[in-house]
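Comments concern the structure below.
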Amino acid sequence: MEKRRKRLSQRARRRQRNRSIAAVVAAAAAGLLVWFGMNGVRRERAADFPPVQGELLEADPQEGRPPIDVQLLTPNPYSRPQEAMGTIRGIVIHYTANPGSTAQENHDYFEGLKDSGAAYASSHFVIGMEGEIIQCIPSSEISYASNDRNYDTLSVECCHPDESGRFTEATYTSMVELTAWLCSHFQVPVSGVIRHYDVTGKECPKYFVDHPEAWEQFLADVSERLAKLQA
């Protein structure tokens, strides 16, 4: 009788242990399902989120907005991943580091990455040497431009004629007008306008890194333009 009670007790303990193991496994599996489910939802929303800040918002006629040629890139993993932008807190100024190239050529390079897969790169806007502005990415999506600031900044890539990185007068004027309008439109203070250099230490935009006084003048010009827009 005593042996029988021991066997029954051992069986009960084994059943309890098996139930505990099964519960742990089930909980872990449920956790994985939730994790994958959440990430799946995030990706789906990133590809199909509502245009809170508007896919073509920058193309709409608005007072103070400079002319913008909207040429959105084809969605692809290398230059337009369609990941949702967070709250816009800054504007990052870049230079192309490709002297003499046009805004259209830089746009087309970003577009071609969908086929070449040569790099992860893009910008929300490209400003050409004649002052033309091309929009490549909606303001509601990130671009691959500013490293760990991709999710809260808009990027502005600027063309230049030579290795010095100095911008033409037409490019500079459009830079000031576009940056000021973006600051006004998205309620970004001028203190939120930064160089790529300020994010990573990269020499970009080169002329503004080499000539800090020129950068300070740019910010002053943006402030003056912004004041007029908000008057």
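Worth knowing before you read on, the calculation uses all heavy atoms, side chains too, and leaves out hydrogens, waters and symmetry mates.
Each of Met129 and Met175 belongs to its own hydrophobic cluster when Ile, Leu, Val, Met, Phe, Trp and Tyr are linked at side-chain heavy-atom distances under 4.5 angstrom. Tracing side-chain contacts under 4.5 Å through hydrophobic residues (I, L, V, M, F, W, Y), one reaches Leu178 starting from Val70; they form part of the same cluster. Residues Ile194 and Tyr95 do not share a hydrophobic cluster, defined by chaining ILVMFWY side chains whose heavy atoms lie under 4.5 Å apart. In the hydrophobic clustering of ILVMFWY residues, with side-chain heavy atoms under 4.5 Å counting as a link, Tyr197 and Val190 come out apart.
Note that CD1 of Ile68 is 9.0 Å distant from CD1 of Ile127, once rounded to the nearest 0.5 Å. One distance of note links CG of Leu154 with CD of Glu141; it measures 12.0 Å at 0.5 Å rounding. Within the model, atoms CD of Gln217 and CD of Glu224 stand 9.0 Å from one another, a figure rounded to the nearest 0.5 Å. Here the OH atom belonging to Tyr109 is positioned 12.5 Å from the SG atom belonging to Cys136, to the nearest 0.5 angstrom. For the atom pair CD (Gln230) and SG (Cys183), the distance works out to 8.5 Å, reported to the nearest 0.5 Å. Note: Leu226 CG to Leu182 CG = 10.5 Å, rounded to the nearest 0.5 Å.
Proximity of a side-chain donor or acceptor of Thr173 to a complementary backbone N or O of Glu169 within less than 3.5 Å is detected. Side-chain N or O atoms of His211 include none that pairs as donor or acceptor with a backbone N or O of Glu213 at under 3.5 Å. Remark: side-chain polar atoms of Ser146 are not paired, donor with acceptor, to backbone N or O of Arg149 under 3.5 angstrom. Looking at Glu132, its side chain does come within 3.5 Å of a backbone N or O of Glu130 through a donor-acceptor pair. When atom types are taken as modelled, the side chain of Asn106 and the backbone of Cys159 share no donor-acceptor pair closer than 3.5 angstrom.
When the options Lys114, Arg80, Glu111 are evaluated for a side chain to side chain donor-acceptor pair (under 3.5 Å) with Thr74, the one that passes is Glu111. Considering Ser155, Ser79, Ser122, Ser123 as possible partners of Ser143, the one that fulfils the side chain to side chain donor-acceptor pair (under 3.5 Å) test is Ser155.
Using a 30° and 60° split on the angle between ring planes, His196 and His94 fall in the tilted class, from 30° to 60°.
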Exercise. Checking side-chain contact (heavy atoms from CB on, under 4.5 Å) for the pair Asp148/Val199: CA distance, chi angles, key distance, verdict?
Worked result: CA-CA 8 Å; Asp148 60 358; Val199 180; 3.4 Å; yes

Problem set entry | Derivation of the side-chain contact (heavy atoms from CB on, under 4.5 Å) call for Phe218 and Val193 | CA-CA 10 Å; Phe218 173 73; Val193 179; 4.2 Å; yes

For this session: Decide side-chain contact (heavy atoms from CB on, under 4.5 Å) for Asp198 and Arg195; before the verdict, give the C-alpha distance in whole Å, the side-chain angles of both, and the deciding distance to 0.1 Å.
Result: CA-CA 5 Å; Asp198 299 313; Arg195 302 164 294 183; 2.9 Å; yes

Exercise. Would His160 and Thr96 count as a side-chain contact (heavy atoms from CB on, under 4.5 Å) if you check the C-alpha gap in whole Å, the side-chain angles of each, and the deciding distance to 0.1 Å?
Worked result: CA-CA 7 Å; His160 51 98; Thr96 64; 3.2 Å; yes

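A 4.5 Å side-chain heavy-atom check between Leu72 and Ile137 finds every atom pair outside the cut-off. Taking 4.5 Å as the limit, some side-chain heavy atom of Ile134 sits within range of a side-chain heavy atom of Gln104. Looking only at side-chain heavy atoms (C-beta outward), Val156 and Ile91 come within less than 4.5 Å of each other. Between Ile93 and Thr179, some side-chain heavy-atom pair lies under the 4.5 Å cut-off. A heavy-atom distance below 4.5 Å is found between the side chains of Glu83 and Tyr151.
Side chains of Thr168 and Thr171: a donor-acceptor N/O pair is present below 3.5 angstrom, by distance only. The closest side-chain donor-acceptor pair between His124 and Ser139, if any, does not fall under 3.5 angstrom. For the residue pair Tyr172 and Asp221, a side-chain donor N or O sits within less than 3.5 Å of a side-chain acceptor on the partner.
Phe167 and Cys158 get closest at one heavy-atom pair: CE2-CB, 3.5 Å. Contact detail for Leu229 and Gly64: the closest heavy-atom pair is CD2-CA, 3.6 Å. Scanning all heavy atoms of the two residues, the minimum distance from Phe125 to Ile133 falls at CD2-CG2, 4.1 Å.
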Would you tabulate the side-chain donor-acceptor contacts of residues 201-210 under 3.5 Å, counting partners in other chains and residues two or more places apart, or write 'none'?
| residue | atom | partner | partner atom | Å |
| --- | --- | --- | --- | --- |
| Lys206 | NZ | Asp210 | OD2 | 2.9 |

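With sequence neighbours excluded, no residue satisfies ring pair (Phe, Tyr, Trp, His ring centres under 6.0 Å) with His107.
Between Tyr120 and Tyr78, the ring center distance clears the sub-6.0 Å criterion.
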